[in-house]
Amino acid sequence: MHYFVPRRCNASSKIMYQDQGAARRAAEESRIQRGVELWVYRCDICGSWHLTSRQPGEGVTARFGGASKPHSRKRGYKPRRR
């Protein structure tokens with residue numbers, strides 16, 4: 001049996017859609033099957049269309065491949081729980 005493997009963006013690892021219509025159909029299918037609201041946007045890096053869970057207008061700070069929080073350089077350091 002052959003399984004379809006979608007192409008993924010090198011920068012974000014998100015599924016690449018060739019046009020806005022295909023991405024909107026995928027978002028609608030996700031809403032029906034899983035109850036998840038997704039939005040469609042065009043990627044500035046690869047030029048294809050992706051899905052996101054962020055609403056339009058929310059500030060998007062993309063950190064691909066990097067840590068989202070600063071951390072100590074000491075080995076074995078565990079931050080204190082508050």
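- Taking OH of Y41 as the start and NZ of K14 as the end, the distance is 3.5 Å to the nearest 0.5 Å.
- Counted within 6.0 Å of CG on N10, heavy atoms from surrounding residues, nucleotides or ligands total 12 or fewer; the atom is thus considered open.
- With respect to the salt-bridge test (charged N to carboxylate O, under 4.0 angstrom), the residues E28 and R25 do not qualify.
- Listed by chain and residue number, nothing satisfies the side chain to side chain donor-acceptor pair (under 3.5 Å) test with T52 (two or more places apart in sequence, or in another chain).
- Here the shortest heavy-atom pairing between S13 and R8 reads O-NH1, 2.8 Å.
- Looking at I15, V36, V40 one by one, the single match for side chain to side chain contact (heavy atoms under 4.5 Å, CB included) with L51 turns out to be V40.
- Between Y17 and H50, the distance from one ring center to the other does not fall under 6.0 angstrom.
- Residues E37 and R31 have side chains in contact (heavy-atom distance under 4.5 Å, counting atoms from C-beta outward).
- Counting only heavy atoms from C-beta outward, the side chains of R24 and W39 never approach each other to under 4.5 Å.
- Partners of Q33 under the side chain to side chain donor-acceptor pair (under 3.5 Å) rule, at least two apart in sequence or in another chain, are E29.
- Across all their heavy atoms, R42 and W49 have their closest contact at NH1-NE1, 3.1 Å.
- Two residues are said to be in side-chain contact when any heavy atoms from C-beta on lie closer than 4.5 Å; C9 and S48 fail this criterion.
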